[in-house]
Asker: 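Got a structure for you, written out below as structure tokens; questions coming shortly.
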Amino acid sequence: MAKDTQTAPFLFVKEGELPELQNRDEVVSLMTRELSGMMGLQDAETAVAAALEREHLEPTFVSQGLAVPHGRIPGLARAGVYAARSAKGVNWDLGQAQFIILLLVPEERPEVHLGLLRNLMRWRFRLGENAPAMLAAPVADYLQSLQEAVL
């Protein structure tokens, strides 16, 4: 059964490396502003504040090079997913994040948030020792892999 395109997550995969930024807060801020713009959110700064507040509450570094910063946004019509890779990695308190996947989710729909987190954890687990290959894979392969996980 096909997902409703009105409620399916908006998915963006960055083609190149993340720019050299000083810390995870700068990465989260940059990614949140870019995703907010792509999704047509009127108030990107509210989204940035939500994502940073969550990050400061407890860092979102999961393990095995994956960080999943996220913000719950009131009134958001559908979730947004912004995936970036960094072969060098970004210092994320508990480790080096090579896969940074930002989620902006409707505050009123916690099941959407939890479902995306669950699917991303399964995706990373399935990658296992193939993660270095996915870091170097063409963006189309990375996008396909993530689409299969989150859509």
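Below, each value reflects all heavy atoms present in this structure, side chains not excepted, and no hydrogens, waters or symmetry copies.
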Asker: Going by the rule side-chain hydrogen bond (donor to acceptor under 3.5 Å, both in side chains), which residues pair with E108 if we only count those two or more places apart in sequence or in a different chain?
Answerer: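 E108: no side-chain hydrogen bond (donor to acceptor under 3.5 Å, both in side chains) contacts found.
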Asker: Identify, with sequence neighbours excluded, every residue that meets side chain to side chain contact (heavy atoms under 4.5 Å, CB included) alongside Q96.
Answerer: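 Partners of Q96 by the side chain to side chain contact (heavy atoms under 4.5 Å, CB included) criterion, ordered by chain and then number, come out as N91.
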Asker: Is there a side-chain contact between L103 and L120, using heavy atoms and a 4.5 Å cut-off?
Answerer: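 The answer is yes; the side chains approach within 4.5 Å.
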Asker: Can you find a pair of side-chain heavy atoms, one from I100 and one from M31, that are under 4.5 Å apart?
Answerer: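 Contact flag for I100/M31 side chains = yes.
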Asker: Which pairs, with at least one residue in residues 138-151 and sequence neighbours excluded, count as a salt bridge (charged side-chain N to carboxylate O under 4.0 Å, His left out)?
Answerer: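 Of all non-adjacent pairs touching residues 138-151, none passes salt bridge (charged side-chain N to carboxylate O under 4.0 Å, His left out).
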Asker: Under the rule for side-chain hydrogen bond (donor to acceptor under 3.5 Å, both in side chains), what residues qualify as partners of S145, not counting sequence neighbours?
Answerer: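 By the side-chain hydrogen bond (donor to acceptor under 3.5 Å, both in side chains) rule, S145 matches W123.
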Asker: Please say yes or no: joined through hydrophobic side-chain contacts below 4.5 Å, possibly via intermediate residues, are V139 and L146 part of one cluster?
Answerer: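 Yes, it is one cluster - the side chains of V139 and L146 are joined through contacts under 4.5 Å.
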Asker: Consider only side-chain heavy atoms of I, L, V, M, F, W and Y, link residues closer than 4.5 Å, and tell whether F125 and M134 are in one cluster.
Answerer: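 Not linked; separate clusters.
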Asker: With salt bridge (charged side-chain N to carboxylate O under 4.0 Å, His left out) as the rule and sequence neighbours excluded, what pairs involving residues 38-51 come up?
Answerer: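 Listed once each, the pairs are R33-E45.
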Asker: More than 12 foreign heavy atoms under 6.0 Å from CD of Q42: is that the case here?
Answerer: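 At most 12 heavy atoms, drawn from other residues, nucleotides or ligands, come within 6.0 Å of this atom.
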Asker: Backbone N or O of I73 within a donor-acceptor pair of the E107 side chain at under 3.5 Å?
Answerer: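 Flag not set: sc E107 to bb I73 has no pair under 3.5 Å.
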Asker: Side chains of M121 and L66: does their closest heavy-atom pair fall under 4.5 Å?
Answerer: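 The answer is yes, as the side chains (C-beta and beyond) meet within the 4.5 Å cut-off.
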Asker: For residues 47-58, which side-chain N or O atoms pair as donor and acceptor with protein atoms under 3.5 Å away, sequence neighbours left out?
Answerer:
unit_1 : atom_1 : unit_2 : atom_2 : d
R54    : NE     : H70    : NE2    : 3.2
R54    : NH1    : E58    : O      : 2.7
E55    : OE1    : T60    : OG1    : 2.6
E55    : OE2    : T60    : N      : 2.9
E55    : OE2    : T60    : OG1    : 3.3
E55    : OE2    : W92    : NE1    : 2.9
H56    : ND1    : L52    : O      : 3.4
H56    : NE2    : D25    : OD1    : 3.2
H56    : NE2    : D25    : OD2    : 2.8

Asker: Considering residues at least two apart in sequence or located in another chain, which fulfil the ring-ring contact (aromatic ring centres under 6.0 Å, His included) criterion with Y142?
Answerer: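 Not a single residue meets the ring-ring contact (aromatic ring centres under 6.0 Å, His included) criterion with Y142.
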Asker: If every non-hydrogen atom of R126 is compared with every non-hydrogen atom of A149, which pair is closest and at what distance?
Answerer: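 Nearest pair, atom of R126 first, then A149: NH2-CB, 4.3 Å.
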Asker: Taking only residues two or more places apart in sequence or in another chain, which ones pass side chain to side chain contact (heavy atoms under 4.5 Å, CB included) with F10?
Answerer: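 With sequence neighbours excluded, F10 shows a side chain to side chain contact (heavy atoms under 4.5 Å, CB included) to F12, L35, M38, M39, R78, given in chain and number order.
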Asker: Is there a side-chain contact between I101 and L116 (heavy atoms, below 4.5 Å)?
Answerer: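 In short, these two side chains do not touch, never coming nearer than 4.5 Å.
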Asker: If I take atom NE2 from residue H113 and atom CZ from residue R72, how far apart are they, to the nearest 0.5 angstrom?
Answerer: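 If we round to the nearest 0.5 Å, H113:NE2 and R72:CZ are 7.0 Å apart.
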Asker: Partners of L114 by side chain to side chain contact (heavy atoms under 4.5 Å, CB included), sequence neighbours excluded?
Answerer: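 Testing L114 for side chain to side chain contact (heavy atoms under 4.5 Å, CB included), a comparison that skips the adjacent residues, returns none.
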Asker: Of all the heavy-atom pairs spanning V105 and L76, show the shortest one and how long it is.
Answerer: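 Distance-wise, the nearest heavy atoms are C-CD2, 3.6 Å.
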Asker: Which pairs count as salt bridge (charged side-chain N to carboxylate O under 4.0 Å, His left out) when at least one residue sits in residues 86-100, sequence neighbours excluded?
Answerer: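 As it turns out, the salt bridge (charged side-chain N to carboxylate O under 4.0 Å, His left out) pairs with a partner in residues 86-100, which skip direct neighbours, are E20-K88, R24-D93.
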Asker: Quick one: are V68 and F99 in side-chain contact, heavy atoms under 4.5 Å?
Answerer: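 With C-beta onward as the side chain, the pair stays apart.
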Asker: Please list, chain by chain and in numerical order, all residues satisfying salt bridge (Lys or Arg N to Asp or Glu O under 4.0 Å) with R118, sequence neighbours excluded.
Answerer: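 Here no residue qualifies.
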Asker: Hey, is CD on E15 packed in by over 12 heavy atoms from elsewhere, all under 6.0 Å?
Answerer: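 Atom CD in E15 is not packed in, count stays at 12 or less.
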Asker: So, using side chain to side chain contact (heavy atoms under 4.5 Å, CB included) as the criterion, who are the partners of A44 when residues are at least two apart?
Answerer: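 With neighbours one apart ignored, the set is S36.
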